[in-house]
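Reviewing the structure listed below.
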Amino acid sequence: MLTDSHCHLASGQFSSDLDNVIERAITAKVSRMVAISTDLEDSSKCIQIANNNNCVSATIGIHPCSVTEIRNDNWIEEIRHMARKESVAAIGEIGLDYFHPAPSGWTDKSYKDLQGEFFHSQLELAAELGLNVVIHHRDRGDECWKEINKIISPFHGKIRAVFHCFSSSWESAKPLIEQGHLISFTGIVTFKNASEIQQCAKVCPVNSFMIETDSPYLAPVPFRGERCEPFHAMTTAQFIADLREISIESLSEKTSETADLFFRF
Ligand SMILES: [Zn+2]
């Protein structure tokens, strides 16, 4: 039984066959899915999906790429209100994205500043509510990484974070894990040019990482390029189990246990 710790079940790409997608996951022994939100609409959809499916939990939050689209000044209150729902397992995905350019009408600086404000407010809310956070970080260099560290460090000891879609070396993961945070691996780990990530997945300690799909994106080899679904978490898990020379059962059990401790299930 494996947990897919990060999938976008509210995505339009699943709207016509979501029940089948969830059914296929369960058949493949992916028995728990965390539906991740990117904006307010997504947050209510994820809660709805979780309410309708025992095997699904939701996160709620505003993704850094969605911050300029939030028109509701009361957005943080909406999130606070939604967080009371039993099916809400964490705040996310939140963070910084310096990879995509600022949308038209925004300067690079004003866009990054707004992302920082949203990130900080949601960390404060998570600390207040006692929920952990799912972090998105993407950049072409290390500026975003440094800024994330700066914004999150005052919350040390108050909240734990999972750095989702972790795509760096063990050297970069180590300090995060030492601070009590987690990393999680997508299908990217199975790609041919991913030797640094593979090395990280091989040596990082048990209970420091989770498995995710980030579906509908990032399907693992040999499904690369197809629509990704939660059942693909098993392929990624098998790949990492082979790297670590352990059984798929043991890897599934350990990573699901890690998810059970991290999320409010
Ligand atoms: Zn995601």
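These figures come from a predicted structure and were not determined experimentally. Indexing begins at 1, ligand by ligand and atom by atom, following the structure's order.
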Surrounding CG of Asn72 (heavy atoms of other residues, nucleotides or ligands, distance under 6.0 Å), is the total greater than 12? yes

Looking at the Zn ion (ligand 1), which N/O/S atom of Asp214 is the nearest one? OD1

Classify the side-chain pair His8/Asp214 by whether it contains a donor and acceptor separated by less than 3.5 Å. yes

Less than 4.0 angstrom from a charged side-chain N to a carboxylate O is my criterion; do Glu143 and Lys146 meet it? no

If hydrophobic clusters are built from ILVMFWY residues whose side chains come within less than 4.5 Å, do Val221 and Ile188 share one? yes

If I take every N, O or S atom of His8, is at least one of them less than 2.8 Å from the Zn ion (ligand 1)? yes

With the Zn ion (ligand 1) at the centre, find the angle made by OE2 from Glu93 and NE2 from His6, to 10°. 90°

